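Please read the structure below before turning to the comments.
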Protein chains: 2
Amino acid sequence: MTTTDKRREILHSALKLIALNGFQGAPTALIASRANVGAGTIYCYFESKDVLIQTLYEELEIRMLAALTKGYPGTQPLRERFIHVGKSFVRYCLAVPMDFRFLEQFHNSPHGAAYRRDRILGGKDQDIIHELFEKAQKEQLIKDLPKMILMNLFFGPLLCVVRDHVLGFATLDEPTIDRTVDACWDAIRR
Amino acid sequence: MTTTDKRREILHSALKLIALNGFQGAPTALIASRANVGAGTIYCYFESKDVLIQTLYEELEIRMLAALTKGYPGTQPLRERFIHVGKSFVRYCLAVPMDFRFLEQFHNSPHGAAYRRDRILGGKDQDIIHELFEKAQKEQLIKDLPKMILMNLFFGPLLCVVRDHVLGFATLDEPTIDRTVDACWDAIRR
DNA sequence: CTACATTGACTGAGCAATCAGTCAGTCTGG
DNA sequence: CCAGACTGACTGATTGCTCAGTCAATGTAG
């Protein structure tokens with residue numbers, strides 16, 4: 001087993017434990033043993049448990065953004081772009097439920113709040129999705145509300161619906177996903 | 001200070017600490033000292049920390065449901081009832097941000113998942129809000145989607161928007177609240 | 001004085017992080 | 001080609017700390 005394998009095993013085992021049991025239910029000793037690695041090995045690769053978690057978060061966020069961007073219909077009408085992003089978001093989350101649960105745990109923790117504060121107050125929020133909302137607003141296709149509210153109107157329900165599915169409270173099939181994303185568009189369109 | 005006062009002080013101090021710092025950041029020793037009470041006194045009133053948290057949750061949930069029900073326009077058109085519930089929800093959460101933060105912490109914890117599972121699978125979910133969605137669906141005023149998805153479409157964005165306000169990422173004024181709730185109605189209406 | 005409420009030092013469990021030690025793999029001098 | 005020195009990735013018992021919960025001692029109301 002190479003050095004990189006161990007690092008990957010540690011990240012994977014941490015992801016799984018945190019997704020299933022929360023930060024509480026993922027002691028370093030358990031992360032190590034599930035990764036078939038000594039307790040100290042974690043600290044060869046990561047300065048602290050916090051750094052491990054932060055690293056994991058950043059990797060998952062990059063993968064998520066890539067999934068939303070993949071196949072992005074940049075030339076089609078804006079409405080189609082919103083629908084694409086919404087569906088991609090739901091499908092990606094359902095495809096990697098562990099990643100989704102981890103991201104949720106992270107967001108609802110002191111880590112998450114701090115991270116978000118940095119991003120928003122640091123003006124670092126600038127990606128394809130922010131662009132999309134700004135353009136649609138300029139073209140008066142969507143309601144005249146603060147961008148953050150529009151984003152919550154669109155993604156808020158999707159987040160809730162995916163959570164309910166992943167936790168086993170509901171079941172999402174393809175047609176239901178499509179119609180839910182359409183409903184989110186109804187919320188923001190003029 | 002009477003017996004009841006101490007109980008209330010303990011609950012209040014726990015609420016505040018958990019809302020601000022999460023379950024992690026609310027050790028029983030600190031809850032007790034902030035309540036001007038000995039560490040053992042908590043256990044005169046509550047079997048365990050878990051029971052204390054559960055009790056607190058149930059009290060807050062009752063208050064919240066009361067706030068949504070207050071002034072409920074049971075005779076007006078269904079749309080107006082939705083708007084009333086939506087606005088009441090947002091206003092109440094903004095009025096008691098600590099309660100809101102606590103409820104969020106609770107929902108995003110093992111406690112919350114277990115509680116929710118009991119409610120949903122036990123078929124205990126039957127209140128004025130569920131009634132409202134069912135009636136609107138029977139009258140074909142709202143979309144033909146599973147009730148749980150409709151509820152997420154309506155309340156999901158409100159939850160997100162209130163969270164952003166309470167965490168200081170955004171500011172909600174009255175007109176914005178009104179227009180956001182209207183947008184949530186657009187999401188579910190036919 | 002009695003019965004009960006309250007206290008806070010204490011206990012044992014569980015935690016993140018450490019570090020002295022191990023050993024497979026690599027290098028070096030003969 | 002090989003024996004012996006060396007390296008550093010890896011290990012896991014240990015450390016120091018925090019926490020929920022306990023209980024003997026103390027306070028207090030009737």
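Protein chains get the first letters and strands the later ones, always in sequence-line order, with residue 1 at the start of each. Predicted model, so just to flag it, every value in this text is computed and none were measured.
- Residues Arg190(A) and Asp144(A) are not paired through a salt bridge, judged by the lack of any N-O separation under 4.0 Å between the basic side chain and the carboxylate.
- One atom, CD1 of Ile10(B), and another, C1' of dG8(C), lie 14 Å apart when rounded to the nearest Å.
- For the pair Ile42(A) CD1 and dG12(D) C1', the computed distance is 12 Å after rounding to whole Å.
- Residues passing the salt bridge (Lys or Arg N to Asp or Glu O under 4.0 Å) test with Lys135(B): none are found, sequence neighbours excluded.
- In summary, Asp5(A) and Arg8(A) engage in a salt bridge, as defined by a charged side-chain N under 4.0 Å from a carboxylate O.
- For Tyr45(B), a side-chain nitrogen or oxygen approaches OP1 or OP2 of dT6(C) to under 4.0 Å.
- The environment of CD in Gln76(B) is crowded: more than 12 heavy-atom neighbours from other residues, nucleotides or ligands sit within 6.0 Å.
- In this entry the distance linking NZ of Lys6(A) with P of dA24(C) reads 12 Å, nearest Å.
- Looking at heavy atoms from C-beta onward, His107(B) lies out of side-chain contact with Asn108(A) at the 4.5 angstrom threshold.
- Note on the helix from dC1(C)-dG30(D) to dG30(C)-dC1(D): terminal axis deviation equals 10°, with five pairs used at each end and the result rounded to 10°.
- Per the geometry, CG belonging to Asn36(A) stands 17 Å off C1' belonging to dA9(D), to the nearest Å.
- Contact annotation: Thr41(B) side-chain N/O to dT6(C) OP1/OP2 distance is not under 4.0 Å.
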Audit row: Glu59(B), Arg7(B), salt bridge (Lys or Arg N to Asp or Glu O under 4.0 Å) steps and yes/no
CA-CA 13 Å; Glu59(B) 287 195 9; Arg7(B) 199 188 119 99; 3.3 Å; yes
Please write out each protein N/O paired with an N/O of nucleotides 17-22 of chain D under 3.5 Å, distance rounded to 0.1 Å.
from	atom 1	to	atom 2	distance (Å)
dA20(D)	OP1	Lys49(B)	NZ	2.5
dA20(D)	OP2	Thr28(B)	N	2.6
dA20(D)	OP2	Thr28(B)	OG1	3.0
dG21(D)	OP2	Tyr43(B)	OH	3.0
dG21(D)	OP2	Lys49(B)	N	2.8

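- One atom, CD1 of Ile31(A), and another, P of dC15(C), lie 11 Å apart when rounded to the nearest Å.
- No donor-acceptor pair closer than 3.5 Å links the side chain of Ser13(B) to the backbone N or O of Arg34(B).
- Ring-centre distance between Tyr92(A) and Phe100(A): not below the 6.0 Å cut-off.
- Within the 6.0 Å centre-distance limit, the rings of Phe23(B) and His111(B) are counted as a close aromatic pair.
- Separating the CZ atom of Arg7(B) from the C1' atom of dT6(C) is a distance of 17 Å, rounded to the nearest angstrom.
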